[in-house]
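In what follows, chains carry the letters A, B, and so on, assigned in the order in which the sequence lines appear, proteins first and then strands, with residues in each chain numbered from 1. Any value given below was found using the heavy atoms of this structure, including those in side chains, with hydrogens, waters and symmetry copies removed.
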There are 2 protein chains.
Amino acid sequence: MMYPTRDETALWVALNLTQRKIYAAIDAALKTAGLPPLRWYDVLWELERAKDCGARAFELEAKLLFQQSNLSRLLQRMISGGLVEEFVFENDRRGKVIRITEKGSAVRKEMWEVYGPLIHKYMSKVPDPHELTNATAALTKIV
Amino acid sequence: MMYPTRDETALWVALNLTQRKIYAAIDAALKTAGLPPLRWYDVLWELERAKDCGARAFELEAKLLFQQSNLSRLLQRMISGGLVEEFVFENDRRGKVIRITEKGSAVRKEMWEVYGPLIHKYMSKVPDPHELTNATAALTKIV
DNA sequence: GACATATAGATGCATTTGCATCTACTATCT
DNA sequence: AGATAGTAGATGCAAATGCATCTATATGTC
């Protein structure tokens with residue numbers, strides 16, 4: 001129960017402004033390109049890495065920090081868009097296994113063509129590699 | 001038009017996860033305490049700093065990265081909650097001047113009692129002051 | 001096996017967001 | 001002055017979100 005120092009607050013403020021600003025810019029660029037919102041990318045990428053094994057909804061939820069009901073409905077939208085498929089998980093029939101489709105992979109790649117360069121555009125404003133990894137290390141400590 | 005390096009991507013991912021996680025934690029704590037959502041704090045704080053001069057909606061929008069219509073409606077909610085007042089800006093009768101009320105100040109203070117310690121809790125996980133300010137400097141460069 | 005408890009995910013409903021206007025006023029140009 | 005374009009903020013409407021609850025299955029206890 002102690003209040004933050006000026007520098008602690010400054011980091012928190014910078015963290016918010018930076019994230020918010022870049023996130024909005026990327027999301028807008030995706031929209032302009034006629035592609036799905038940025039949050040879809042996280043799911044597609046996670047599923048791509050999971051390959052044929054797929055992933056469970058609750059895993060995505062934890063790893064990508066989704067709220068359960070939001071993820072549930074996002075997956076419904078992705079399924080109706082044909083980007084993702086779901087199957088009953090036979091070892092536990094409450095659960096579903098989620099897998100990316102061919103179309104989902106293709107869309108992810110298209111998204112990356114917009115997303116990747118923008119990540120680079122912003123992150124390369126920290127040109128010194130050490131500064132970059134130090135910043136990452138600091139943020140990682142926090143969580 | 002160039003793709004990001006691994007380290008650039010790592011920073012972007014860390015930035016997102018850290019922000020999202022802490023933000024959610026703080027917002028949840030405020031809700032538990034029966035206080036308004038975190039985003040209200042930004043507005044209240046900005047108005048508190050503006051003192052009696054108040055602030056224009058479009059200034060808040062730019063500084064706090066709000067979307068225009070969202071801020072407009074947030075201010076409506078804050079007005080009906082009595083935390084904030086608005087007046088016609090006489091030099092330009094399209095505009096409004098927004099000012100914090102006594103009650104708004106009081107609520108901001110209450111929020112800070114929850115918010116402040118949580119900022120400290122998380123940010124103090126980067127104990128070295130240099131690392132902290134370096135991280136802030138890096139993030140600031142990005143924007 | 002019967003019963004309580006826990007977990008995976010879906011869903012109803014109220015609130016919030018995003019987008020596209022729309023209104024009111026201001027500034028500029030001729 | 002009159003017409004034109006620009007800016008501040010509001011608003012209607014569709015979509016997304018958060019919350020609480022619900023259903024179905026699993027697990028653990030007796």
Side-chain angles (χ1 to χ4, degrees), chain A residues 20-21 23-43 46-47 54-81 83-99, chain B residues 20-21 23-43 46-47 54-81 83-99:
Chain A
R20 220 183 273 284
K21 189 157 185 181
Y23 193 95
I26 295 174
D27 226 12
L30 288 169
K31 174 158 296 184
T32 300
L35 291 166
L38 183 43
R39 211 70 213 289
W40 291 40
Y41 188 89
D42 299 344
V43 174
E46 205 54 39
L47 292 175
R56 301 292 304 276
F58 71 93
E59 295 170 337
L60 298 172
E61 192 189 321
K63 192 174 293 193
L64 304 176
L65 303 181
F66 270 98
Q67 190 162 307
Q68 187 266 320
S69 64
N70 287 348
L71 178 59
S72 174
R73 279 191 256 244
L74 174 54
L75 289 173
Q76 289 168 23
R77 275 172 251 146
M78 295 178 79
I79 288 166
S80 43
L83 305 188
V84 141
E85 291 174 311
E86 81 182 356
F87 305 90
V88 174
F89 178 54
E90 288 301 340
N91 292 1
D92 177 347
R93 300 182 51 77
R94 288 171 302 186
K96 306 286 177 65
V97 180
I98 318 290
R99 263 185 231 122
Chain B
R20 221 184 271 285
K21 190 157 183 181
Y23 194 94
I26 295 174
D27 227 10
L30 287 170
K31 174 158 296 184
T32 302
L35 291 166
L38 184 42
R39 212 70 215 289
W40 291 38
Y41 189 89
D42 299 345
V43 174
E46 206 54 41
L47 292 176
R56 302 291 303 277
F58 71 93
E59 294 170 337
L60 297 172
E61 193 188 322
K63 191 173 292 193
L64 304 176
L65 304 181
F66 270 97
Q67 191 163 310
Q68 187 267 317
S69 63
N70 287 348
L71 177 59
S72 174
R73 279 192 256 244
L74 174 53
L75 289 174
Q76 288 168 22
R77 274 172 252 145
M78 294 178 79
I79 289 165
S80 42
L83 305 188
V84 142
E85 290 174 313
E86 81 182 357
F87 306 90
V88 174
F89 178 54
E90 289 301 338
N91 293 359
D92 176 348
R93 300 183 52 75
R94 289 172 301 187
K96 307 287 177 66
V97 180
I98 318 290
R99 262 185 232 122

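- If you measure from atom CG of A/Asn91 to atom P of D/dT27, you get 10 Å, rounded to the nearest angstrom.
- One can find a donor-acceptor pair under 3.5 Å joining the base of C/dA10 and the side-chain atoms of A/Gln68.
- OP1 or OP2 of C/dG18 has not a single side-chain nitrogen or oxygen of A/Lys31 nearer than 4.0 Å.
- In terms of polar N and O atoms assigned as donor or acceptor, the side chain of A/Arg73 never comes within less than 3.5 Å of the base of C/dG9 in a complementary pairing.
- Judged by the 6.0 Å distance and 45° axis criteria, A/Arg20 is not positioned over the aromatic ring of B/Phe66.
- Contact check, A/Asn70 against D/dA16: no side-chain N or O comes under 4.0 Å of OP1 or OP2.
- Residues A/Phe89 and A/Arg94 fail the side-chain proximity criterion, which asks for heavy atoms closer than 4.5 Å.
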Go through it in stages, so that I can follow the logic: the residues are B/Ile98 and B/Lys96, the test is side-chain contact (heavy atoms from CB on, under 4.5 Å), and I'd like the CA-CA distance, side-chain angles, deciding distance and then a yes or no. CA-CA 6 Å; B/Ile98 318 290; B/Lys96 307 287 177 66; 4.2 Å; yes

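- Taking the side chain of A/Gln67 as heavy atoms from C-beta on, and the options D/dT17, D/dC19, C/dA10, the nearest nucleotide is D/dC19.
- Taking only distance into account, the side chain of B/Arg94 never meets the base of C/dT26 through a donor-acceptor pair shorter than 3.5 Å.
- Whole-Å rounding puts the A/Leu75 CG to D/dA16 C1' distance at 14 Å.
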Would A/Met78 and A/Leu74 count as a side-chain contact (heavy atoms from CB on, under 4.5 Å) if you check the C-alpha gap in whole Å, the side-chain angles of each, and the deciding distance to 0.1 Å?
CA-CA 6 Å; A/Met78 295 178 79; A/Leu74 174 54; 4.0 Å; yes

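- Rounded to whole angstrom, the span from the CD atom of B/Glu61 across to the P atom of D/dT7 amounts to 13 Å.
- Nearest to the side chain of A/Ser72, among C/dT11, C/dT26, D/dA10, sits C/dT11.
- The side chain of A/Glu86 lies closest to C/dA10, out of C/dA10, C/dG18, D/dG9.
- Contact detail for A/Ala55 and A/Leu47: the closest heavy-atom pair is CB-CD2, 3.8 Å.
- With rounding to whole Å, A/Asp27 atom CG is found 10 Å from D/dT17 atom P.
- In this structure, CG of A/Leu65 is placed 12 Å from P of D/dG18, rounded to the nearest angstrom.
- Rounded to an integer number of Å, the gap from CZ of B/Phe89 to C1' of C/dT26 is 12 Å.
- Of the two residues near DNA chain D, B/Ala57 and A/Arg93, the one whose nearest nucleotide lies more 5' is B/Ala57.
- Nearer to the 5' terminus of DNA chain D, by closest-nucleotide assignment, is the contact made by B/Phe58 (compared with the other of B/Phe58 and A/Glu90).
- Across all strands shown, B/Arg56 has heavy atoms under 4.0 Å from sugar-phosphate atoms exclusively, and none from any base.
- A straight line from CD of B/Gln76 to C1' of D/dA10 spans 7 Å, rounded to a whole angstrom.
- Checking D/dA26, C/dT26, D/dA8 against every side-chain atom of A/Asp92, the shortest atom distance belongs to D/dA26.
- Between the CG atom of B/Leu60 and the P atom of D/dG9 there is a distance of 9 Å, given to the nearest Å.
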